[in-house]
2 protein chains.
Amino acid sequence: MVLTEKQKELIERFGVLNEKYGLPPAECRVWGLFLVADKVELTFEEIMETLHLSKGGTSTALNRLMMTNHVEYITKLGDKKRYFRCKLNNWTSMTKENFEKFDELNSILKEILEARDPKTHVFNKDLKQVTEFLDFIYKELMIAIEKWENKK
Amino acid sequence: MVLTEKQKELIERFGVLNEKYGLPPAECRVWGLFLVADKVELTFEEIMETLHLSKGGTSTALNRLMMTNHVEYITKLGDKKRYFRCKLNNWTSMTKENFEKFDELNSILKEILEARDPKTHVFNKDLKQVTEFLDFIYKELMIAIEKWENKK
DNA sequence: TTTATAGTTCAGCAAATATTGAACTAACTT
DNA sequence: AAGTTAGTTCAATATTTGCTGAACTATAAA
């Protein structure tokens, strides 16, 4: 598969952004490839060759993307190859999961608050405010997602 | 400064969680120390000794935390030491910034959509849905933050 | 039952990141 | 002006992480 310069650029930019969130470069590029490619179903070989990745690298990237639900594959009768494709219909649940991690931070903060020396009451009060703020935002988010789901 | 086992545990858990978001371990621990400590103002030496960090490591961690606005220091007349402390009153703006990065992803997705081959219309339609969803969530989030700020 | 294809696994290497510690600066103290 | 204290800088090293490529498994076809 031959990519245009624009497609290559988008893959890299998409990659760099996602690397900031802890994804390995190769995985970002595979994901990006799915997003910019002119076709929806890509084979293992195509991905490997288009991105100049090794077999192992391609395998790990695809498997991780499948584990995180960004990619799936279909098979075709009488054809051993897998046809990989990007899942787009799960962004609401992905977003939810993302913010659940955010909520985990809040849980720890609450536990910290619980364990704090009561003597530092100004600090404790401020920390309480933070956890209340995070609680509030989290709830509003969940409401927003629900709103969206009902709208459709 | 001597920490209880609970405090140590909380620092580590807080640390591991933040490492997932790309912060270096030492920096996470320093930040965590501020959150669990029995006092609010900590000196350079205290931090270094309590966490068994080197001078350089302590210095970098503190400076990074100050650059990202999590920590500040005050001084006292006739005292060369700095007294570092954790800032808690900026979580709303921090959260906002966080979500702005999230919005950056959406910008790239929109650009990708723009550049896509129109032939894959089902995929394109789904991707459009995703960007609309992210737009919606972002807006709702900003409204929520505003709501919180007015409540206070 | 051999050959070919599709993908996995993992040891070894390469590159990026984090941390140490020693030499340094800057300011105050005697 | 010599000594002390507080923190910075940065070269060297340690640790972590990502990727390759070759050996492997599993399935299908000849």
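In the text below, chain A, chain B and the rest are named by the order of the sequence lines, each starting its count at 1. Atom set for the values below is all heavy atoms of this structure, side chains included, hydrogens, waters and symmetry mates excluded.
Protein atom NZ of Lys81(B) is 16 Å distant from nucleotide atom P of dT4(D), rounded to whole Å. Atom CD in Glu27(A) sits about 9 Å away from atom P in dC19(D), given to the nearest Å. The interatomic distance linking Leu65(B) (CG) with dG7(D) (P) rounds to 15 Å, in whole Å. Between the CG atom of Leu77(A) and the C1' atom of dA29(D) there is a distance of 15 Å, given to the nearest Å. Rounded to an integer number of Å, the gap from CG of Asn63(A) to P of dA6(C) is 17 Å. Rounded to whole angstrom, the span from the CD1 atom of Ile74(A) across to the P atom of dG7(C) amounts to 12 Å. For the pair Met66(B) CE and dT8(D) C1', the computed distance is 11 Å after rounding to whole Å. Between Glu46(A) atom CD and dA6(C) atom C1' there is a gap of 14 Å when expressed in whole angstrom units.
Cation-pi geometry between Lys81(A) and Phe44(A) is not met at under 6.0 angstrom from the ring centre and within 45 degrees of the axis.
Taking only side-chain nitrogens and oxygens, Arg82(B) comes nearer than 4.0 Å to OP1 or OP2 of dT8(D).
Considering only the side chain of Phe44(B), dT8(D) comes nearest among dG21(D), dT20(C), dT8(D).
The NZ atom of Lys8(B) sits 10.5 Å away from atom OG1 of Thr50(B), with the distance rounded to the nearest 0.5 Å.
Between Thr58(A) and Leu62(B), it is Leu62(B) whose nearest contact on DNA chain D lies nearer the 5' terminus. Both Ser59(A) and His52(B) sit near DNA chain C, but only Ser59(A) has its closest nucleotide nearer the 5' end. Map Pro24(B) and Thr60(A) each onto its nearest nucleotide of DNA chain C; the residue landing nearer the 5' end is Thr60(A).
The shortest non-hydrogen separation linking Met1(A) to Ala37(A) is SD-CB, 4.2 Å.
Looking only at atom types and distance, the side chain of Asp126(B) has no donor-acceptor partner in the side chain of Asn89(A) under 3.5 Å away. A side-chain donor-acceptor contact under 3.5 Å links Asp38(B) and Gln7(B).
For Lys55(B) and dG21(C), a side-chain-to-base donor-acceptor distance below 3.5 Å is absent, hydrogens and geometry of angles not being considered.
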